[in-house]
Amino acid sequence: MTIQELIASARKIVFKFGSNTLAGNEGKINAAFLEEFAGQAAELCTGGKQIVIVSSGAQVAGLSTLDKWARKKDLHYRQALCAVGQVQLMEAWQRAFEPHSRHIAQILLTQDDFGDSIRTLNMRNTLFTLVDEGIIPIINENDTVSVEEIKIGDNDTLAAQSAILWSADLLVLFSDIDGLYTKNPKEFPDAELVEAVSNIDSIRANVSIGAVSNFGTGGIATKLTAAQRASSYGIPTILAHGGKPRCLEALAAGRQKGTVFLA
Ligand code: ADP
């Protein structure tokens with residue numbers, strides 16, 4: 001199936017944004033980008049689709065609020081920074097959806113939550129209730145309680161887990177690249193875009209995975225794992241550039257390329 005067909009046929013879609021997509025050049029949350037996406041997402045909802053957003057960006061938002069902490073690497077400072085930034089991040093999302101009369105809801109999760117059946121049930125019920133009421137849930141990892149050992153660690157995995165939890169029809173990972181390439185396009189200009197992947201294990205053996213960028217935590221490896229996880233539950237994944245003009249509309253209209261991981 002093409003990207004256009006996947007979006008057209010999915011009713012429940014999880015969108016994930018990496019920090020690099022949400023942050024502008026000056027290292028702040030890119031409010032204009034959030035507003036543009038919210039407009040397109042609201043239109044999808046009006047057309048009968050349901051959406052859940054997994055949003056990184058708490059640390060970026062925190063840094064632009066409290067830049068005096070920029071060089072503090074101590075874990076507790078980083079967690080504190082995310083606690084500050086999470087508020088800014090949600091405020092930016094709220095402002096973005098306000099003109100479209102859409103409420104948002106914050107959901108902060110940890111790895112432990114996914115391993116406990118009662119918590120999982122509660123999370124699932126909350127997600128279903130919010131979405132049924134037309135509210136847009138915005139999920140992030142709960143950095144305050146997620147010390148290294150129990151961290152989900154990257155929002156690609158969190159997005160895949162959320163898609164599975166909510167029984168989504170489609171997972172869309174927005175990053176700062178057009179999709180999966182044969183090698184890191186930022187280092188190798190001759191890297192080629194892989195438009196469709198049906199076997200993630202074999203593609204792993206055939207692409208080279210480069211370093212992660214500035215604010216990114218997972219890199220392409222976690223996107224492959226996330227796609228594989230979603231795929232094992234029958235959920236296809238699209239990896240696409242979130243920084244292109246009206247990216248969601250462009251994907252839905254078949255004007256923007258990306259990588260499709262078929263389930
Ligand atoms: P995000 O913050 O959007 O989750 P990351 O920075 O974690 O993004 O990961 C995306 C980055 O992975 C790209 O910007 C790219 O530089 C790098 N990368 C490494 N190898 C590849 C590859 N084979 N194909 C595409 N991107 C790659």
Side-chain angles (χ1 to χ4, degrees), residues 3 14-30 33-34 36-37 52-64 78 81-82 85-86 89 92-93 109 138-141 143 146 151-163 171-230 237-244 247-248 251 256-261:
I3 291 181
V14 173
F15 294 103
K16 180 262 175 180
F17 294 96
S19 310
N20 291 316
T21 311
L22 293 176
N25 288 336
E26 67 294 4
K28 285 188 183 156
I29 291 294
N30 183 348
F33 170 78
L34 265 58
E36 191 188 82
F37 179 78
V52 166
I53 294 174
V54 176
S55 174
S56 309
Q59 196 170 336
V60 184
L63 278 174
S64 55
R78 277 195 285 135
L81 197 62
C82 290
Q86 182 64 25
L89 179 65
W93 276 117
L109 301 174
I138 303 191
I139 302 177
N140 198 359
E141 180 155 22
D143 291 299
S146 293
K151 237 177 166 354
I152 298 170
D154 70 86
N155 275 357
D156 297 317
T157 305
L158 178 61
Q161 287 177 312
S162 304
L171 169 63
V172 181
L173 303 174
F174 279 120
S175 187
D176 62 348
I177 28 137
D178 281 322
L180 174 70
Y181 283 80
T182 46
K183 43 194 166 179
N184 188 354
K186 292 197 178 142
E187 288 174 54
F188 302 96
D190 62 335
E192 284 167 33
L193 182 67
V194 182
E195 291 192 51
V197 175
S198 50
N199 184 327
I200 297 173
D201 277 332
S202 73
I203 200 75
R204 253 200 206 99
N206 290 309
V207 299
S208 91
I209 292 165
V212 292
S213 35
N214 265 352
F215 281 107
T217 45
I220 208 73
T222 58
K223 295 180 204 327
L224 292 179
T225 308
Q228 192 158 33
R229 221 179 242 248
T237 299
I238 296 169
L239 172 60
H241 204 311
K244 296 276 168 76
C247 55
L248 182 49
L251 284 173
Q256 187 176 322
K257 286 188 172 176
T259 301
V260 170
F261 298 90

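Both counts, for ligands and for their atoms, begin at 1 and track the order of listing.
The closest non-hydrogen atom to atom 1 (P) of ligand 1, taken over Lys183, Glu192, Glu187, Lys223, comes from Lys223. Nearest to atom 3 (O) of ligand 1 by heavy-atom distance, out of Ser56, Pro185, Gly57, Ser175, is Ser175. For atom 27 (C) of ligand 1, the candidate residues are Asn155, Leu22, Ile220; the nearest heavy-atom contact is made by Ile220.
Heavy-atom contacts from other residues, nucleotides or ligands closer than 6.0 Å to NZ of Lys244 number more than 12.
For ligand 1, the atoms sitting less than 4.0 Å from at least one non-hydrogen atom of Ile209 are 20 (N), numbered in the order shown with element in parentheses. Residue Gly219 approaches ligand 1 through these ligand atoms, each under 4.0 Å from one of its heavy atoms: 5 (P), 7 (O), 9 (O). The ligand atoms of ligand 1 that sit less than 4.0 angstrom from a heavy atom of Lys16 are 4 (O). Every atom of ligand 1 is numbered from 1 in the order shown, and the set under 4.0 Å from a heavy atom of Ser19 is 2 (O). Every atom of ligand 1 is numbered from 1 in the order shown, and the set under 4.0 Å from a heavy atom of Gly179 is 25 (C).
Using a 4.5 Å heavy-atom threshold, the side chains of Val60 and Leu89 count as separate. At least one side-chain heavy atom of Ser55 sits less than 4.5 Å from a side-chain heavy atom of Leu22. Side-chain contact between Leu173 and Thr237 is present, with at least one heavy-atom pair separated by less than 4.5 Å.
Note: an N/O pair closer than 3.5 Å links Asn20 and ligand 1 by distance alone. Remark: ligand 1 and Thr21 share no N or O pair separated by less than 3.5 Å (distance only, no angle test).
Here Lys257 does not pair with Asp178 in a salt bridge; the nearest charged N to carboxylate O distance is not below 4.0 Å.
Residues Tyr181 and Leu193 come closest through the heavy atom pair CD2-N, 3.4 Å.
Of the heavy atoms in Asn184, both backbone and side-chain atoms come closer than 4.0 Å to ligand 1.
For Thr157, the side chain to side chain contact (heavy atoms under 4.5 Å, CB included) criterion is met by Ile152, Asp154, Gln161, Arg229, not counting sequence neighbours. Scored by the ring pair (Phe, Tyr, Trp, His ring centres under 6.0 Å) test, Phe37 finds Phe15, Phe17 as partners (sequence neighbours excluded).
Side-chain polar atoms of Ser146 and Glu141 form a donor-acceptor pair below 3.5 angstrom.
Residue contacts with ligand 1 leave out Ala191, since none of its heavy atoms falls under 4.0 Å from the ligand. Contact analysis leaves Val207 out of contact with ligand 1, as no non-hydrogen atom separation drops below 4.0 angstrom.
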